[in-house]
Amino acid sequence: MSRKIRRQENDSPLEAMRLEWTELNQDQFAVAVGIPRATYQRMVSGKTPLRLRPEEIVRVCEVCRINLNIFFEKMGADITHLTMSSQRQ
């Protein structure tokens, strides 16, 4: 089974995750995550800041089949210094 080569035309980490870990197109991914299609397209194009609610972050992880550590790593956030006790505060 041949897989289409998909390219990323921007530097959006969210778009990179979609392309790397799913076979979904932008519309399918936006629906699966619970983000309006137009909002998703504005976020990945940089026209709108990338702001995800906690439940959307969880759904991105579920759709991409990744854990939160990988999600935050791809988003450029270093969470290695956090411990369970500091995460609860």
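One is the number of the first residue; the rest follow in order along the sequence. FYI, side chains are in, hydrogens and waters are out, and symmetry mates aren't considered; it's all heavy atoms of this structure.
- Side-chain contact between Gln28 and Asn25: present, with at least one pair of heavy atoms (C-beta onward) separated by less than 4.5 Å.
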For this session: Start with the C-alpha gap between Leu52 and Phe71, add the side-chain angles, then the distance that decides, and say whether side chain to side chain contact (heavy atoms under 4.5 Å, CB included) holds.
Result: CA-CA 12 Å; Leu52 298 173; Phe71 173 86; 3.9 Å; yes

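- From Met17, atom CE reaches atom CD1 of Ile70 across 10.5 Å, with rounding to the nearest 0.5 Å.
- Two residues are said to be in side-chain contact when any heavy atoms from C-beta on lie closer than 4.5 Å; Lys74 and Glu20 meet this criterion.
- A single hydrophobic cluster is seen to contain both Met75 and Val63, as judged by linkage of ILVMFWY side chains at heavy-atom distances under 4.5 Å, directly or through other members.
- In terms of hydrophobic clustering, with Ile, Leu, Val, Met, Phe, Trp and Tyr side chains grouped at heavy-atom distances under 4.5 Å, Ile66 and Leu50 are assigned to a common cluster.
- Every residue two or more places apart in sequence or in another chain was checked for a side chain to side chain donor-acceptor pair (under 3.5 Å) with Arg51, and none qualifies.
- Of all the heavy atoms in Tyr40 and Ile35, the pair that sits closest is N-CG2, 3.7 Å.
- No side-chain heavy atom of Val33 sits under 4.5 Å from any side-chain heavy atom of Glu55.
- Two residues are said to be in side-chain contact when any heavy atoms from C-beta on lie closer than 4.5 Å; Cys64 and Phe29 meet this criterion.
- The CG atom of Leu24 lies 10.5 Å from the CG atom of Asp27; values are rounded to the nearest 0.5 Å.
- Follow the hydrophobic side-chain contacts under 4.5 Å out from Val58 and you never reach Met43; the two are in separate clusters.
- When all heavy atoms of Cys61 and Leu68 are compared, the closest pair comes out as SG-CD2, 3.7 Å.
- Under 3.5 Å, the side chains of Arg42 and Ser45 contain no donor-acceptor pair of N or O atoms.
- Going from atom NZ of Lys47 over to atom OG1 of Thr39 covers 12.5 Å, rounded to the nearest 0.5 Å.
- Classification of Glu15 and Arg18 as a salt-bridged pair holds, one side-chain N sitting under 4.0 Å from a carboxylate O.
- The heavy-atom pair separating Ala30 from Arg37 by the smallest distance is CB-CA, 4.0 Å.
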